[in-house]
Protein chains: 2
Amino acid sequence: MGRRVNGDGTGAAELKRRATIKDVATAAGVSRSTASRALTGRGYVATDVRERVLAAAEDLRYVPDATARYLKQQVSLSLGVLVSDLRNSFYARLAAGVGQAARTQGYSLVLAEDGGSADAQVEAAETFVATRVAGVVVTPVSADVTTYLSRHRIPVIEVDRQFAAGACDAVVVDNHRASAQVIGELIGRGHRRIALFIDETTWTTGRDRHAGYQAALAAAGIALDPDLVVSSGWDVDASRAAAVALLRPSSRPTAVFAANNVLAEGVWRAANDLGLRIPDDLSLVSFDDAPWMSLVTPGLTAVAQDEAALGAAAVQRLLERIADPDAGPETVMMPTQIVHRQSTRAV
Amino acid sequence: MGRRVNGDGTGAAELKRRATIKDVATAAGVSRSTASRALTGRGYVATDVRERVLAAAEDLRYVPDATARYLKQQVSLSLGVLVSDLRNSFYARLAAGVGQAARTQGYSLVLAEDGGSADAQVEAAETFVATRVAGVVVTPVSADVTTYLSRHRIPVIEVDRQFAAGACDAVVVDNHRASAQVIGELIGRGHRRIALFIDETTWTTGRDRHAGYQAALAAAGIALDPDLVVSSGWDVDASRAAAVALLRPSSRPTAVFAANNVLAEGVWRAANDLGLRIPDDLSLVSFDDAPWMSLVTPGLTAVAQDEAALGAAAVQRLLERIADPDAGPETVMMPTQIVHRQSTRAV
DNA sequence: ATGCCACCTGGGATCGATCCCACGTGGAGC
DNA sequence: GCTCCACGTGGGATCGATCCCAGGTGGCAT
């Protein structure tokens with residue numbers, strides 16, 4: 001018989017059994033307690049002993065069992081992240097920002113998507129509770145998640161919108177101000193018939209963007225035309241259809257402010273469907289700056305949020321909250337920036 | 001003194017202490033063992049007892065501690081996902097697909113990004129080992145992750161590209177065939193000077209897309225012009241700069257095949273920079289269909305992969321592998337589809 | 001000489017759930 | 001009357017790491 005080099009054929013030597021701290025202790029000739037102190041760095045260990053233990057751990061390819069550690073310490077080194085839809089670049093970038101910040105702080109990420117459903121959010125929250133995450137970053141769709149997690153004493157931070165303002169930390173942007181500013185610019189360029197294309201006005205995002213729109217019009221003495229506030233469904237297809245209706249020649253606005261990137265995509269597609277030229281036939285501005293907006297011609301003027309910074313701020317605030325559970329809730333306001341491209345013109 | 005309704009002011013009643021199975025058992029007047037059987041559904045429990053236990057659990061808002069369960073059972077109900085960059089829509093959609101499939105199978109997701117670094121991949125893999133994930137879905141950047149995880153007996157599945165072919169399950173597309181098909185179409189429309197814009201040819205993706213390009217040219221009897229195979233850096237800026245160089249008038253190809261969506265973006269931007277009209281001055285085709293490609297004018301013709309399906313297939317294969325650790329490794333080939341838009345023309 | 005403290009080590013309890021096993025009970029089959 | 005088995009329950013060990021505590025040593029100040 002030939003020499004058997006590797007029974008499993010993977011080409012990589014496998015461990016028969018995962019090494020535990022007991023194996024490391026035995027190999028180093030010390031007790032579990034001492035091995036633990038050497039490995040965690042907590043408590044007294046003689047220098048030579050520490051080195052022996054570390055060498056043994058290396059040798060045995062010891063990887064501490066996080067589940068055991070978490071069980072004993074009653075909390076894990078991972079954060080829960082709950083967003084609506086990773087295919088939306090806003091959420092993807094936010095999650096990336098959270099992950100980046102979490103990693104530098106030694107935390108790993110448990111990620112869940114809810115598809116916009118409150119029930120799915122609570123379900124995901126249950127998983128977070130079960131796995132004893134140290135905290136949760138969520139873009140909520142109702143107050144349920146926050147309530148549920150708070151009840152189980154898990155620190156939560158709401159990002160982008162708030163459903164538990166005053167009871168829960170949050171990281172948001174000044175939607176009202178950004179919205180008013182954008183509308184103000186359009187008014188400054190002569191627009192009077194400015195439509196607001198929006199999906200909801202019950203969340204803080206929709207509510208404040210709507211209010212900012214109204215405030216800017218009021219400040220300029222422009223009467224509010226209810227027909228110009230158009231509500232749409234959630235996805236691109238729905239918003240495209242709604243936008244086609246909005247843009248029919250009879251009542252067409254000279255400018256449209258889309259309240260988020262999905263709605264902007266709907267308007268963009270609708271304009272193409274109808275053969276409308278932007279900005280000649282229609283000015284268009286978006287809340288949220290999605291990657292495609294700098295690739296199309298003309299580029300879309302948009303209110304940009306720094307999603308990575310939002311995520312990082314959320315993690316920072318969350319860790320502060322974990323460190324001091326009794327501190328008062330705080331709402332962090334992040335800046336926005338209007339990115340001017342060529343999708344608007346003076347009338 | 002007034003009545004103190006809620007000391008913490010959150011408006012949500014908090015639990016003093018998380019209920020354990022012992023609390024549930026006590027409340028239901030049974031032993032821990034019986035409570036466990038009632039809750040997990042494994043083993044005999046009298047019907048009335050089961051109901052009493054479930055009621056008690058509900059009442060106490062009992063959420064089983066997953067870390068304890070995992071510790072005892074030596075494996076968790078979560079999957080690791082390791083991708084390069086969530087801001088790239090390909091990875092975001094892939095992760096979304098994995099998450100979706102995992103959730104329907106009762107698994108949660110531990111997500112990590114590596115930013116394209118092999119070291120970061122191994123570091124993430126360590127976390128996966130520590131948290132005892134049931135398996136890992138990875139878009140590898142070297143053989144290291146797979147080796148590391150296999151060594152620790154954690155089932156892995158490579159997606160998009162393979163570094164451990166024959167030793168590890170994988171879900172990929174037929175890059176060679178898709179590439180050859182796209183080039184064949186360009187040749188069919190009269191193109192002879194077709195450039196391949198590519199970032200690497202050492203991974204299976206780059207290698208096969210390159211090979212398919214060569215094969216299609218060879219099949220048409222077109223001599224390979226090494227100057228038309230242009231390598232670029234990883235990010236948009238690098239690929240944009242490289243594309244500007246490629247598209248200088250003296251040696252301009254009539255068509256460019258960009259080997260992925262980032263490169264396509266670089267070429268698109270470079271063409272804009274140079275005032276080149278697509279498809280009149282240049283035909284452009286992309287591997288990977290990013291969202292922006294259907295939004296720009298003209299729309300980009302692209303080889304589309306169904307990222308959600310890739311993710312789902314990866315999860316399915318991974319669970320099969322978990323169920324049968326000794327089965328031979330399998331490579332699943334997923335279909336691609338050429339989405340024809342208006343970025344090419346006959347010459 | 002005594003006390004004190006810093007340093008170092010190991011034993012054993014502990015976290016919360018699972019699960020093996022022993023120990024019932026009662027009905028069916030012979 | 002006996003075995004056998006399905007049903008049902010609780011005790012206690014177990015997973016792997018942490019950490020409290022007791023115990024030991026040696027140096028230094030009083």
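Every chain is numbered from 1 and lettered A, B, ... according to where its sequence line falls, protein lines coming before strand lines. Computed from a prediction, not measured in an experiment: that's the story for all the values here.
- One distance of note links OG of A/S108 with CG of A/L79; it measures 7.5 Å at 0.5 Å rounding.
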Once each nucleotide of nucleotides 15-27 of chain D is scored for protein heavy atoms under 4.0 Å, what B/S/- sequence comes out, 5' to 3'?
-> BBSBB--------

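- Between A/R17 and A/D23 there is a salt bridge, since a side-chain N of the basic residue sits under 4.0 Å from a carboxylate O of the acidic one.
- Dashed line: the shortest gap from a side-chain N or O of B/Y44 to OP1 or OP2 of D/dC7 is under 4.0 Å.
- Inter-residue side-chain proximity for B/I157 and B/V136 is flagged as unmet; no heavy-atom pair is nearer than 4.5 Å.
- Identified under the ring pair (Phe, Tyr, Trp, His ring centres under 6.0 Å) test for residues 39-84 of chain B, with sequence neighbours left out: none.
- In this structure a side-chain-to-backbone donor-acceptor pair under 3.5 Å is missing from B/E158 to B/V138.
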